[in-house]
Amino acid sequence: MRKLIYLLCFACCALGVHAQSSQKKLPPKVFVPKGQWIVGSSVSYSEHTENNYDFLIVEKINADGYSFKVSPMFAYALKDNMALGGRFKYGRTLVRMDETQLNLDDENQFDINNIYQLKHSYSAMAIFRNYIPLGDSKRFALFSETQLEVGGSQSKVANGEGEALTGTYSKSTDLGFGVAPGLVAFINNYTAVEVSVGVLGVNFSKKRQVTNQVETGEQSSTSANFKINIFSIGLGIAFYL
């Protein structure tokens, strides 16, 4: 009887080792196969208009403006579920403020009138993507996108009117590194909707400005973000070819 028990224990151990070795040899689940091209883009547009609008200590806001952003992307799968590529970004923002009153208290009130700001931003980005399939699904997967970005911006601000008009021109150079996880969902065999959000980023920026074509100034800044950035949520469409 004891020999039989030993034999059963040995057989169970052997089967367990065989099962583990079999699991290790199982091929990984493939969501994006090697050799596949990925192209897509995300576009966003918003505009606003305020007419005698009050917000906290800011009263009688009369302003309007818009914001436009576009970001085309391409990538190539070097290995299963791993892709390397690039992304480009362009953004344009316009704000016109005709009349605004800043009311701190009964004795401190300030008028802010005739402010015009126009800003262009642009960047090129190298990206690396790693896809993680959700179970056995061929339509849904998580991905992590590592980004290395180089870019800049140009902006001009005009304040006042007539002889009291003043203007400031700014130009910046930016360098950033970040990670943006996301979710991809296929609509059909080739088209997918993607949602991503930035959770980690390190940014370096150097800005130079000229006021009234006479006065100059410079600013350098470094920032690090280790939390979810709701302002970096991206929604786009991609084609897997």
Side-chain angles (χ1 to χ4, degrees), residues 15-46 67-93 121-151 174-204 223-241:
L15 288 174
V17 172
H18 177 71
Q20 291 180 357
S21 62
S22 298
Q23 290 179 356
K24 291 180 180 179
K25 293 180 180 179
L26 288 176
K29 297 177 181 178
V30 177
F31 188 80
V32 178
K34 177 181 178 181
Q36 190 167 55
W37 281 96
I38 308 166
V39 295
S41 178
S42 61
V43 179
S44 65
Y45 176 81
S46 64
S67 177
F68 170 75
K69 294 180 181 179
V70 60
S71 178
M73 178 269 293
F74 71 93
Y76 177 76
L78 300 175
K79 293 184 178 181
D80 292 342
N81 297 331
M82 294 184 182
L84 182 67
R87 184 188 294 275
F88 303 94
K89 285 185 178 181
Y90 172 76
R92 178 185 172 96
T93 304
S121 60
Y122 42 85
S123 65
M125 184 185 305
I127 63 173
F128 174 76
R129 280 191 172 192
N130 186 19
Y131 291 85
I132 305 174
L134 293 178
D136 296 327
S137 175
K138 294 295 185 180
R139 292 193 176 273
F140 299 94
L142 300 175
F143 69 85
S144 176
E145 183 175 295
T146 304
Q147 306 169 340
L148 179 61
E149 182 177 12
V150 178
D174 307 305
L175 175 65
F177 173 81
V179 177
L183 173 68
V184 55
F186 273 91
I187 302 174
N188 54 40
N189 292 335
Y190 304 100
T191 309
V193 175
E194 299 182 346
V195 181
S196 63
V197 59
V199 297
L200 170 64
V202 179
N203 299 283
F204 306 92
S223 62
N225 174 39
F226 297 95
K227 59 183 180 181
I228 295 176
N229 184 4
I230 61 175
F231 297 103
S232 67
I233 295 178
L235 176 63
I237 189 169
F239 301 94
Y240 289 72
L241 309 175

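Note that this is a predicted model, so its numbers are computed, not measured.
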### Task
Walk me through it: do V39 and L241 pass the test side-chain contact (heavy atoms from CB on, under 4.5 Å)?
CA-CA 8 Å; V39 295; L241 309 175; 4.1 Å; yes

### Query
Checking R92 against F68: charged group under 6.0 Å from the ring centre and within 45 degrees of the axis?
no

### Query
Is there a side-chain contact (heavy atoms from CB on, under 4.5 Å) between K89 and M125 once you walk through the steps?
CA-CA 8 Å; K89 285 185 178 181; M125 184 185 305; 3.8 Å; yes

### Query
Hey, does the side chain of N81 reach the backbone of V32 with a donor-acceptor pair shorter than 3.5 angstrom?
yes

### Task
Could you go through the side-chain contact (heavy atoms from CB on, under 4.5 Å) check for N203 and D174 one step at a time?
CA-CA 7 Å; N203 299 283; D174 307 305; over 6 Å; no

### Message
Which heavy atom of P133 sits nearest to which heavy atom of A141, and what is that distance?
### Response
CA-CB, 3.9 Å

## Note on the structure
Between S67 and T93, the two heavy atoms sitting closest are OG-OG1, 3.8 Å

### Task
Report yes if some heavy atom in the side chain of R87 is under 4.5 Å from a heavy atom in the side chain of F74; otherwise report no.
no

### Task
Under the side chain to side chain donor-acceptor pair (under 3.5 Å) rule, collect the residues that match up with E149, sequence neighbours excluded.
S123

### Query
Roughly how far apart are I127 CD1 and Q147 CD, rounded to 0.5 Å?
7.5 Å

### Message
Donor-acceptor check, side chain of K138 to backbone of V30, threshold 3.5 angstrom: yes or no?
### Response
yes

### Task
With sequence neighbours left out, write down each residue that passes ring-ring contact (aromatic ring centres under 6.0 Å, His included) with F177, or none if nothing qualifies.
none

### Query
Y131 vs Y240 aromatic rings, parallel, tilted or perpendicular, using cut-offs 30° and 60°?
perpendicular

### Which atom of F186 lies closest to which atom of N189, heavy atoms considered
CE2-O, 3.9 Å

### Close side-chain approach of R129 and M73, heavy atoms under 4.5 Å
yes

#### Entry: side chain to side chain contact (heavy atoms under 4.5 Å, CB included) partner of L142, the single match among N130, V184, L134
L134

### Task
Given side-chain contact (heavy atoms from CB on, under 4.5 Å), test F143 with L183 step by step and report yes or no.
CA-CA 6 Å; F143 69 85; L183 173 68; 5.7 Å; no

## Note on the structure
Sorted by chain and residue number, the side chain to side chain donor-acceptor pair (under 3.5 Å) partners of R139 (sequence neighbours excluded) come out as none

### Task
Please examine the side chains of L78 and K34, heavy atoms only from C-beta on, and report whether any two atoms are closer than 4.5 Å.
no

### Query
Between D80 (side chain) and P33 (backbone), is there a donor-acceptor pair under 3.5 Å?
no

### Task
For atom OH of Y45, decide whether the heavy atoms of other residues, nucleotides or ligands shown that lie under 6.0 angstrom number more than 12.
yes

### Query
Would you say the ring centroid of Y122 lies under 6.0 angstrom from that of F88?
no

### Distance in Å, Y190 OH paired with I38 CD1, rounded so as to fall on 0.5 Å steps
15.0 Å

